[in-house]
Student: 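Starting off with a structure, shown below.
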Amino acid sequence: MRPWSPGLPAGSAGRSLNVVSLAGLIAPPGETVYAASKHALLAFSLGTLADLRTAGVRDVHVSCLCPDGVWTPMLHDKLDDAGAAASFTGSLLTPERVAARAARLARRPRPVVSLPRWRGAQVRLLDAFPRLALALTPVVRAVGRAGQRRQARRGRPDASPPRL
């Protein structure tokens, strides 16, 4: 017999998938408020999952998907914004790629998944060494500005998304 869990009727099962962003794993320069909200979502999701497991609930899953920058209207307006440069340091993803990974994650839940995986490893490494991350801030901003210029050459919002 499973112990009672507040807010969940007996026999409840389900899956929650939150799209967090890589900014939930590290605070990118120039995007502090955005990153804080994503950190909060990650903490809330993982804390909720821990509370469920502590209460003995095993059939309710909470997953967080942390994609790199996604070429959506949110970034279309940021091509000239130096404060958003960190969003352009990786390869911009298509919404379809993120949706496909989200669908796989919904079928096979995991607490935290980054997309692409190598970027998650990269930002977690930097997060583990905050002094290094701070020292690399000028490099991150320069790489991001170059990414913004590259994306601007590829096309503005009315153009097709970048190929991946």
Side-chain angles (χ1 to χ4, degrees), residues 15-54 58 60-154 161-164:
R15 295 179 177 163
S16 172
L17 191 149
N18 295 314
V19 179
V20 174
S21 166
L22 279 181
L25 301 175
I26 191 169
E31 300 180 0
T32 306
V33 174
Y34 177 76
S37 69
K38 298 305 181 171
H39 279 318
L41 178 56
L42 187 65
F44 176 79
S45 300
L46 294 177
T48 298
L49 182 58
D51 288 346
L52 289 167
R53 295 302 180 263
T54 300
R58 301 276 178 250
V60 175
H61 304 278
V62 180
S63 298
C64 295
L65 179 59
C66 301
D68 205 343
V70 183
W71 188 236
T72 62
M74 184 177 131
L75 286 185
H76 296 170
D77 296 335
K78 303 294 184 186
L79 290 174
D80 299 318
D81 182 353
S87 291
F88 294 85
T89 57
S91 300
L92 291 179
L93 304 171
T94 63
E96 294 79 13
R97 182 171 176 197
V98 176
R101 186 60 185 102
R104 282 194 357 236
L105 187 56
R107 285 191 302 273
R108 215 170 138 227
R110 292 178 47 205
V112 179
V113 171
S114 58
L115 182 67
R117 189 180 305 178
W118 71 269
R119 286 284 282 169
Q122 181 185 54
V123 300
R124 286 177 178 198
L125 178 67
L126 288 174
D127 190 48
F129 298 98
R131 289 176 73 184
L132 174 62
L134 289 170
L136 290 174
T137 296
V139 174
V140 169
R141 291 180 63 86
V143 168
R145 292 296 287 155
Q148 286 172 308
R149 289 189 298 274
R150 186 171 45 256
Q151 186 58 40
R153 285 191 304 272
R154 286 182 178 163
R163 289 188 213 178
L164 298 178

Student: To the nearest 0.5 Å, how far apart are NZ in Lys38 and CG in Leu22?
Tutor: 11.0 Å
Student: Can a donor-acceptor pair be found, under 3.5 Å and without considering hydrogens, that links the side chain of Arg145 to the backbone of Ala85?
Tutor: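 Here the side-chain-to-backbone pair does not exist.
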Student: Can you find a pair of side-chain heavy atoms, one from Leu92 and one from Val70, that are under 4.5 Å apart?
Tutor: no
Student: State, yes or no, whether a side-chain contact exists between Arg153 and Arg149 at a heavy-atom distance under 4.5 Å.
Tutor: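 Counting from C-beta outward, Arg153 and Arg149 do come under 4.5 Å.
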Student: I'd like to check Leu126 versus Leu136 (side-chain heavy atoms, cut-off strictly below 4.5 Å). Are they in contact?
Tutor: yes
Student: Taking all non-hydrogen atoms of both residues, which atom of Ala135 and which atom of Pro138 are closest, and how far apart?
Tutor: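 Nearest pair, atom of Ala135 first, then Pro138: O-CD, 3.4 Å.
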Student: Please examine the side chains of Val112 and Leu42, heavy atoms only from C-beta on, and report whether any two atoms are closer than 4.5 Å.
Tutor: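 Yes. Closest side-chain heavy atoms under 4.5 Å.
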Student: How many angstroms lie between atom CD of Gln122 and atom CG of Leu25, to the nearest 0.5 angstrom?
Tutor: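 One finds 11.5 Å between CD of Gln122 and CG of Leu25.
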Student: To the nearest 0.5 Å, what is the distance between OH (Tyr34) and CE (Met74)?
Tutor: 4.0 Å
Student: Please check if the side chain of Gln148 supplies one atom and the backbone of Asp81 the other of a donor-acceptor pair under 3.5 Å.
Tutor: yes
Student: Would you say that Arg119 contacts Thr89 through its side chain, given a criterion of any heavy-atom pair below 4.5 Å between the two side chains?
Tutor: yes
Student: Do Pro67 and Leu65 touch side chain to side chain, with heavy atoms closer than 4.5 Å?
Tutor: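 Yes. Closest side-chain heavy atoms under 4.5 Å.
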Student: Mind checking the CZ-CZ spacing from Arg104 to Arg108? Nearest 0.5 Å is all I need.
Tutor: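 Arg104 atom CZ to Arg108 atom CZ measures 9.0 Å (nearest 0.5 Å).
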Student: Provide the closest heavy-atom pair for Thr137 versus Pro29 in the form atom of the first, atom of the second, distance.
Tutor: CG2-CB, 3.8 Å
Student: Please find the pair of heavy atoms, one from Ala82 and one from Arg141, that lie closest to each other, and give the distance.
Tutor: O-NH2, 3.6 Å
Student: Run Val143 and Phe88 through side chain to side chain contact (heavy atoms under 4.5 Å, CB included) and show every step you take.
Tutor: CA-CA 8 Å; Val143 168; Phe88 294 85; over 6 Å; no
Student: Is the closest side-chain heavy-atom distance between Ser63 and Asn18 below 4.5 Å?
Tutor: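 Contact flag for Ser63/Asn18 side chains = no.
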Student: Should Ser91 and Asp68 count as side-chain neighbours, where that means a heavy-atom distance under 4.5 Å?
Tutor: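 The answer is no; the side chains never approach within 4.5 Å.
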Student: Let me confirm one number: the CG-CG distance from Leu46 to Asp51, rounded to the nearest 0.5 Å.
Tutor: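 Reported to 0.5 Å precision, the distance equals 11.0 Å.
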Student: Taking the side chain from Ser21 and the backbone from Gly24, do they hold a donor-acceptor pair closer than 3.5 Å?
Tutor: no
Student: Measure across Ala86 and Val140 and return the closest heavy-atom pair with its distance rounded to 0.1 Å.
Tutor: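 Minimum heavy-atom contact is CB-CG1, 4.3 Å.
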Student: Output the distance between atom NZ (Lys78) and atom OG (Ser87), rounded to the nearest 0.5 Å.
Tutor: 8.5 Å
Student: Would you find a donor on one side and an acceptor on the other, under 3.5 Å apart, between the side chain of Arg58 and the backbone of Arg53?
Tutor: yes
Student: Listed by chain and number, what are the side-chain contact (heavy atoms from CB on, under 4.5 Å) partners of Asp127, not counting sequence neighbours?
Tutor: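 Listed in chain order: Ile26.
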